[in-house]
Amino acid sequence: MYSADIGRNDPCPCGSGRKFKKCCVDSAREVVVGGDGDLDVARVVDEAIATSDWSAVHELFDGSFELFEPTRPLEHVRFRYDLVGPRFETADVGKVCTPGWLRWCEREIIYALDRFELGPEERDGLRMTLHLTRRFTARSPLVEELARLQSAEIAARARRMANAISQLGLSEVDFAVGGERTPEWLMRHKPAVLPFADWFSIRLASDEIADDIWRSATCARVCDVCLAMAETAPSADREHWLRLASMSLEADLSEMGKFLATFKPRIASEEERILLAVSNGTYAGDRKLADPERLVAATMARGDFAGAALIRAALQRLDAQNR
């Protein structure tokens with residue numbers, strides 16, 4: 001079942017708007033425990049403990065971990081960006097893995113099991129991953145492997161930034177002390193930097209939640225957008241794009257997210273254009289087309305699973321507030 005903090009009468013974490021007991025409670029129990037013919041993952045772990053042979057467990061886990069890599073259904077399951085550096089050490093696991101993070105991670109794994117078409121090996125592997133996470137919490141291999149994956153992503157992003165700065169003919173020291181013209185450039189251009197999902201989520205969130213959204217996912221997505229723009233923008237603007245990319249990753253600049261949300265978002269789909277028009281009060285079309293659930297489906301369909309997860313979470317908070 002879903003985490004213990006989800007009551008039967010609470011809104012279902014899937015975002016349907018119905019109560020948990022009338023929506024996903026049965027399917028959630030089935031995807032975790034498994035049905036007839038499904039692998040008994042608890043028994044596999046018990047045998048590994050008894051025999052000290054963990055090969056079967058590792059094989060299942062390794063196969064499922066591919067679902068957490070970029071562009072895969074669980075790509076968004078990461079830690080707060082300011083808690084994981086480019087040189088992650090195993091000793092830091094306890095710092096990044098909180099009880100709240102574990103509960104959220106469980107829900108996202110269950111969502112993937114319940115909503116995505118997965119092969120038998122992927123399902124068994126993901127159920128094994130969920131069992132290990134519940135049984136060993138911060139000592140689960142998922143926690144350490146995710147932290148290492150995220151650390152490698154951070155290091156790659158830093159290298160990309162350093163290379164871009166070097167191509168401008170600047171040293172990192174010069175880049176760090178410059179930038180007095182970037183705020184003026186930012187206000188003049190008001191660039192569409194936030195992906196729509198992030199813009200939508202931050203606009204609907206309280207200040208505290210918006211801060212967590214920014215530090216957990218959005219800052220890295222914004223950085224990647226800015227780095228891509230720096231590679232193609234006119235030469236006069238490239239340094240400003242790089243500075244904005246750098247600023248987005250500063251842990252003490254989470255106000256940046258709420259500031260950027262005052263600009264227009266980046267638009268990638270018709271569903272996003274419709275909801276933007278609704279938010280601006282300029283939409284006069286069929287209201288059925290403005291259903292945010294259509295946006296979730298369209299965002300997942302184009303492979304942006306992280307964006308879809310942000311929108312789902314925003315809709316769940318909105319539903320809770322309206323009850």
Side-chain angles (χ1 to χ4, degrees), residues 1-6 13 28 31-34 38-49 52-116 118-156 212 215-217 220 305-306 308-310 312-313:
M1 59 188 297
Y2 283 94
S3 302
D5 59 343
I6 303 296
V31 298
V32 175
V33 177
D38 283 333
L39 180 68
D40 186 343
V41 294
R43 179 184 57 78
V44 175
V45 175
D46 288 341
E47 290 179 355
I49 293 173
S52 297
D53 180 2
W54 289 82
S55 57
V57 174
H58 289 315
E59 183 177 355
L60 284 168
F61 173 80
D62 290 345
S64 71
F65 191 71
E66 295 177 359
L67 296 171
F68 293 85
E69 295 175 351
T71 75
R72 301 303 305 277
L74 290 164
E75 66 173 353
H76 57 286
V77 180
R78 297 289 192 272
F79 301 104
R80 278 177 61 118
Y81 201 87
D82 54 328
L83 297 181
V84 181
R87 296 180 180 83
F88 178 79
E89 300 292 341
T90 304
D92 295 329
V93 164
K95 181 176 70 172
V96 301
C97 183
T98 64
W101 184 90
L102 286 168
R103 289 194 297 270
W104 169 72
C105 178
E106 285 184 10
R107 290 196 294 269
E108 293 307 298
I109 292 175
I110 292 171
Y111 185 89
L113 281 165
D114 193 37
R115 299 303 178 94
F116 289 96
L118 304 174
E121 292 182 357
E122 289 179 319
R123 292 186 63 81
D124 285 344
L126 209 50
R127 288 175 49 246
M128 172 62 76
T129 297
L130 180 58
H131 177 76
L132 292 171
T133 302
R134 287 182 163 181
R135 189 161 179 172
F136 301 108
T137 59
R139 294 183 293 113
S140 162
L142 177 64
V143 174
E144 183 173 342
E145 291 303 315
L146 275 179
R148 292 190 184 282
L149 174 61
Q150 186 171 345
S151 179
E153 292 170 349
I154 292 171
D212 198 55
R215 295 172 188 261
S216 296
F305 301 104
L310 279 169
R312 281 194 289 110

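Put simply, the side chain of Arg312 reaches to within 4.5 Å of the side chain of Tyr111, judged on heavy atoms. Put simply, the side chain of Phe305 does not reach to within 4.5 Å of the side chain of Thr71, judged on heavy atoms. Within the 4.5 Å cutoff, the side chain of Leu74 has no heavy atoms near those of the Phe65 side chain.
Side-chain atoms of Glu145 never come within 3.5 Å of backbone atoms of Pro141 as a donor-acceptor pair (strictly under, hydrogens ignored). No donor-acceptor pair closer than 3.5 Å links the side chain of Ser216 to the backbone N or O of Arg80. For the pair Arg127 (side chain) and Leu113 (backbone), a donor-acceptor distance under 3.5 Å is absent.
Shown here is Glu47, whose CD atom has more than 12 heavy atoms of other residues, nucleotides or ligands within 6.0 Å. Counted within 6.0 Å of CZ on Arg139, heavy atoms from surrounding residues, nucleotides or ligands total 12 or fewer; the atom is thus considered open.
Looking at Leu83, Val84, Val96 one by one, the single match for side-chain contact (heavy atoms from CB on, under 4.5 Å) with Gln150 turns out to be Val84. Applying side-chain contact (heavy atoms from CB on, under 4.5 Å) to Thr129 and the options Asp62, Leu142, Val41 leaves one that passes, Leu142.
When all heavy atoms of Glu153 and Pro70 are compared, the pair lying nearest together is OE2-CG, 3.6 Å. Across every non-hydrogen atom of Arg134 and Thr137, the tightest pair is O-CG2, 4.0 Å. In plain terms, the two heavy atoms of Ala309 and His76 that are nearest each other are CB-CD2, 3.3 Å. Gly85 and Ser151 make their closest contact through O-OG, 2.7 Å (heavy atoms, listed as atom of the first residue, atom of the second, distance). The shortest non-hydrogen separation linking Leu102 to Ala138 is CD1-N, 4.4 Å.
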- request: With side-chain contact (heavy atoms from CB on, under 4.5 Å) as the test, would you mind laying out the steps for Met128 and Glu59 before giving the verdict?
  value: CA-CA 10 Å; Met128 172 62 76; Glu59 183 177 355; over 6 Å; no

Evaluation steps, side-chain contact (heavy atoms from CB on, under 4.5 Å), between Leu126 and Phe116: CA-CA 12 Å; Leu126 209 50; Phe116 289 96; over 6 Å; no

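Leu67 CG to Arg123 CZ: the interatomic distance, rounded to the nearest 0.5 Å, is 11.0 Å. Expressed to the nearest 0.5 Å, how far CD1 of Ile49 lies from CZ of Arg135 amounts to 4.0 Å. Atom CZ of residue Arg78 and atom CH2 of residue Trp101 lie 10.0 Å apart, to the nearest 0.5 angstrom. Note: Phe61 CZ to Trp54 CH2 = 12.0 Å, rounded to the nearest 0.5 Å. We find the OG1-CZ distance between Thr98 and Arg103 to be 7.5 Å, quoted to the nearest 0.5 Å. The distance from the CD atom of Glu69 to the CG atom of Leu149 is 6.5 Å, given to the nearest 0.5 Å.
Applying the side chain to side chain donor-acceptor pair (under 3.5 Å) test to Ser55 and every residue at least two apart in sequence or in another chain returns Asp53.
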